[in-house]
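Structure first, then comments.
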Amino acid sequence: MANTLLTVIIPVLNRKNKLWRTLMSISSQDHIEPGRISLIIVDNGSTDGAIDITEAWIKKDAPQWLNVTMVKESRPGTCAARNRGLAEAQSDWVMFFDSDDLMKPNHLHSVIESIENANNADVIYWDVAYETEDGKCGVHRKAGRNIWFNAVMRGILSTQRYCCRRKTIQWAGRWNEELWGWNDWELSLRLIGSGARLQYHTGKPTVTVMVHRESITGESFTSGAGKWEASMAIAREYAQRAGLDYVVQLIDMKGAVLAGDYAREGSTELSHRLLNKLYSHGDVSRWRLRFIAGWQRIAGRWSSVALWLTGGWKL
């Protein structure tokens, strides 16, 4: 419709047991003007009945104010599915979401308000809450004002944490379909590097990221070894070509965090192999890399503290 401002794109692959909650969290959205938001659901080859659930939701529970389209993408991978949704979108703004996460009732209204007050911003981002299968809860926040530090180390533009102008993400190069882990992180660096203007939306989180074994990131770094390194390598090459020496250093320090996670999970061989690779780059001192990895191994998920202690936010 002519007044559609935002398109939400959700790839779906075999999330039958979790998808319904996600769709119903969309149904629960309040204060939305009809026609302002479109939803594109991209089936990426589901075989567990997830699409039957989606079709039932569209027929019975999808809100009347929402324009819903469902398409199929045969190329495997969430990046291919997201790119297909992006190709189908016609609105000025797009927002990506996952099929297992939840929106609070005011989320889309909050996003629309932010867009309408965006001034010259190309990307609007926000903090998100998270919840694990064993009931642990928390909030992923940005830290300070250093955009690159927040993007590389805090993931401020992970999938559920932003919306952006459709032309901006097309200009940045869309999703890299060769990457199977941390692909949203890699894309975020290209978005910022393209010169996109970012605006931070303050307030309590209106999205809850559900952390579980079936998610793309999962609960174990070791089980996805290789995927993370591939994304870091692509991101590092991009930063080098763009002359972003500071970002190159941050990426290597993120690698040290991953090495610490490997060690914490008992995979010392993976940890040592990755650290040796980082040493060979020569862009960050060995003592700093060892300190960050050691801190992460002991403390776990407190890498930002280690980076602040070593001056990593202002190299």
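Since the model is a prediction, treat every value here as computed from it, not as a measurement. Numbers for residues simply follow the sequence, beginning at 1.
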Give me the atom names and distance for the closest heavy-atom approach of [X] to [Y].
X	Y	value
I26	W65	O-CZ2, 3.8 Å
I40	G85	CD1-O, 3.6 Å
V123	A196	CG2-CB, 4.1 Å
D101	M210	OD1-N, 2.8 Å
A239	V247	CB-CG1, 4.0 Å
T47	N14	N-OD1, 2.5 Å

Is there a donor-acceptor pair closer than 3.5 Å between any side-chain N or O of [X] and the backbone N or O of [Y]?
X	Y	value
D127	K204	no
D43	S46	yes
S25	T22	yes
S99	L19	no
N146	F149	yes
E265	T222	yes
W20	K16	no
D61	M24	no
S220	S223	yes
D100	K18	no

Mind checking whether [X] and [Y] sit in one hydrophobic cluster, side chains of I, L, V, M, F, W, Y counted as touching below 4.5 Å?
X	Y	answer
I32	V8	yes
I58	L23	yes
L157	Y246	yes
W185	V248	no
L13	M70	no

Any [X] side-chain heavy atom under 4.5 Å of [Y] side chain:
X	Y	result
Y279	L289	yes
V257	M153	yes
V111	W93	no
L198	I192	yes
I112	L6	yes
N183	L187	no
I115	D92	no
K227	L179	no

Supply the atom-to-atom distance [X] [atom1] to [Y] [atom2], rounded to the nearest 0.5 angstrom.
X	Y	atom1	atom2	result
R264	L258	CZ	CG	10.5 Å
R236	L244	CZ	CG	12.5 Å
D184	L191	CG	CG	10.5 Å
E73	C79	CD	SG	11.5 Å
I124	S114	CD1	OG	5.0 Å
L5	S38	CG	OG	10.0 Å

Worked check of side-chain contact (heavy atoms from CB on, under 4.5 Å) between M103 and T206: CA-CA 6 Å; M103 301 181 186; T206 55; over 6 Å; no
What do you reckon, is [atom1] of [X] surrounded by more than 12 foreign heavy atoms closer than 6.0 Å?
X	atom1	value
R21	CZ	no
E178	CD	no
H281	NE2	yes
K142	NZ	yes
E116	CD	yes

Within the 6.0 Å centroid threshold, strictly below: Y130 and H140: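 Yes: the rings meet the under 6.0 Å criterion.
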Sub-6.0 Å ring centroid separation between Y125 and Y200: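 Judged by ring-centre distance (under 6.0 Å), Y125 and Y200 do meet the cut-off.
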Row check, W228 ring normal vs K254 NZ/CZ: under 6.0 Å, within 45°: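 Geometry flag: not set, cation outside 6.0 Å or 45°.
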side-chain contact (heavy atoms from CB on, under 4.5 Å) between Y262 and E269, intermediate numbers included: CA-CA 8 Å; Y262 283 156; E269 182 179 350; over 6 Å; no
Check ion pair R288-D283 (N to O, under 4.0 angstrom): no
E55/K59 ion pair, N-O < 4.0 Å: no
Option among I41, V68, I10 that satisfies the side chain to side chain contact (heavy atoms under 4.5 Å, CB included) test with T54: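 Of the listed options, the one satisfying the test is I41.
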Plane angle bin for H107 and F97 - parallel if under 30°, tilted between 30 and 60°, otherwise perpendicular: tilted
W57-S27 side chain donor-acceptor pair, cut-off 3.5 Å: yes
side-chain hydrogen bond (donor to acceptor under 3.5 Å, both in side chains) assessment of E131 paired with T208: CA-CA 7 Å; E131 181 178 334; T208 300; 5.7 Å; no
Derivation and outcome, side-chain contact (heavy atoms from CB on, under 4.5 Å), residues W182 and M232: CA-CA 8 Å; W182 287 357; M232 285 192 295; 4.0 Å; yes
CA sep, side-chain torsions, deciding dist, call: L189, W148, side-chain contact (heavy atoms from CB on, under 4.5 Å): CA-CA 8 Å; L189 304 191; W148 281 118; 3.9 Å; yes
Listed pairs under 3.5 Å, donor-acceptor, residues 162-171 side chains, sequence neighbours left out:
{"unit_1": "R165", "atom_1": "NE", "unit_2": "A121", "atom_2": "O", "d": "2.9"}
{"unit_1": "R165", "atom_1": "NE", "unit_2": "D122", "atom_2": "OD1", "d": "3.4"}
{"unit_1": "R165", "atom_1": "NH2", "unit_2": "A121", "atom_2": "O", "d": "3.0"}
{"unit_1": "R166", "atom_1": "NE", "unit_2": "S91", "atom_2": "O", "d": "2.7"}
{"unit_1": "R166", "atom_1": "NH2", "unit_2": "Q90", "atom_2": "O", "d": "3.3"}

